[in-house]
Amino acid sequence: MLIVEDQEEIRELIRVTLEFENFSIDEAANGEEGLRKAQRTKPNLVLMDVMMPGAIDGLTACSRIRSDPGLSGTKVVMLTSRTDPRDRAEGLRMGASAYLLKPFSPLELITVCQKVLR
């Protein structure tokens with residue numbers, strides 16, 4: 001699993017939560033790094049923040065992951081504080097398997113990850 005989140009404390013919260021479920025976890029702090037790590041490690045699941053600094057935001061990174069034949073088995077869950085239904089629709093249009101709104105509970109995070117990975 002790859003966590004792509006620019007806020008270190010949120011990455012840590014996600015990592016600690018998912019380590020209890022014995023997920024193997026890698027991390028990236030922005031879209032560019034996340035895309036490189038996804039291409040290199042080919043994770044089963046990417047948890048992708050939508051709004052990140054740099055040239056590649058989460059939506060663009062999601063779209064690139066979904067269009068990469070080497071990552072065809074990788075699922076993407078968008079993590080965001082954007083609550084507008086149009087934002088959710090855009091994330092799903094870019095190829096996200098799920099869209100999780102911040103703040104989310106640890107149980108909600110685990111449930112979404114398990115559901116997407118089934």
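Across E27 and K37, no two heavy atoms sit closer than the pair O-NZ, 2.5 Å. Looking at every heavy atom in both residues, G34 comes nearest to L2 through O-CD2, 3.4 Å. Taking both residues in full, the closest heavy atoms of F23 and M1 are given as CD2-CE, 3.4 Å, listed atom of the first, atom of the second, then distance. When all heavy atoms of A38 and P43 are compared, the closest pair comes out as O-CD, 3.5 Å. Minimum interatomic distance between N30 and V4 (heavy atoms only, all atoms of both residues): O-CG1, 3.3 Å. Closest heavy-atom contact between A61 and L35: O-CD1, 4.2 Å.
Using a 4.5 Å heavy-atom cutoff, the side chains of V76 and M94 are not in contact. Side-chain contact between L47 and L109: present, with at least one pair of heavy atoms (C-beta onward) separated by less than 4.5 Å. In this structure the side chain of K102 reaches within 4.5 angstrom of the side chain of D49, judged on heavy atoms. Residues L71 and K42 meet the side-chain proximity criterion, which asks for heavy atoms closer than 4.5 Å. Looking at heavy atoms from C-beta onward, T74 lies out of side-chain contact with D68 at the 4.5 angstrom threshold.
Side-chain N or O atoms of Q7 include none that pairs as donor or acceptor with a backbone N or O of E9 at under 3.5 Å. Judged by distance alone, the side chain of S63 and the main-chain N or O of L59 form no donor-acceptor pair under 3.5 Å. At distances below 3.5 Å, not a single donor-acceptor pair connects side-chain atoms of R15 with backbone N or O atoms of D26. Checking side-chain atoms of T60 against main-chain N and O of I56 turns up no donor-acceptor pair under 3.5 Å.
Residues V77 and I25 share a single hydrophobic cluster, defined by chaining ILVMFWY side chains whose heavy atoms lie under 4.5 Å apart. Both I10 and I110 are part of a single hydrophobic cluster, where members link through side-chain heavy atoms under 4.5 Å apart.
Using a cut-off of 4.0 Å between Lys/Arg side-chain N and Asp/Glu carboxylate O, R36 and E33 are scored as not salt-bridged.
Taking CZ of R66 as the start and OG of S72 as the end, the distance is 7.5 Å to the nearest 0.5 Å. The line from CD of E32 to CG of D57 is 9.5 Å long, rounded to the nearest 0.5 Å. A distance of 15.0 Å separates CZ of R88 from CZ of R82, quoted to the nearest 0.5 Å.
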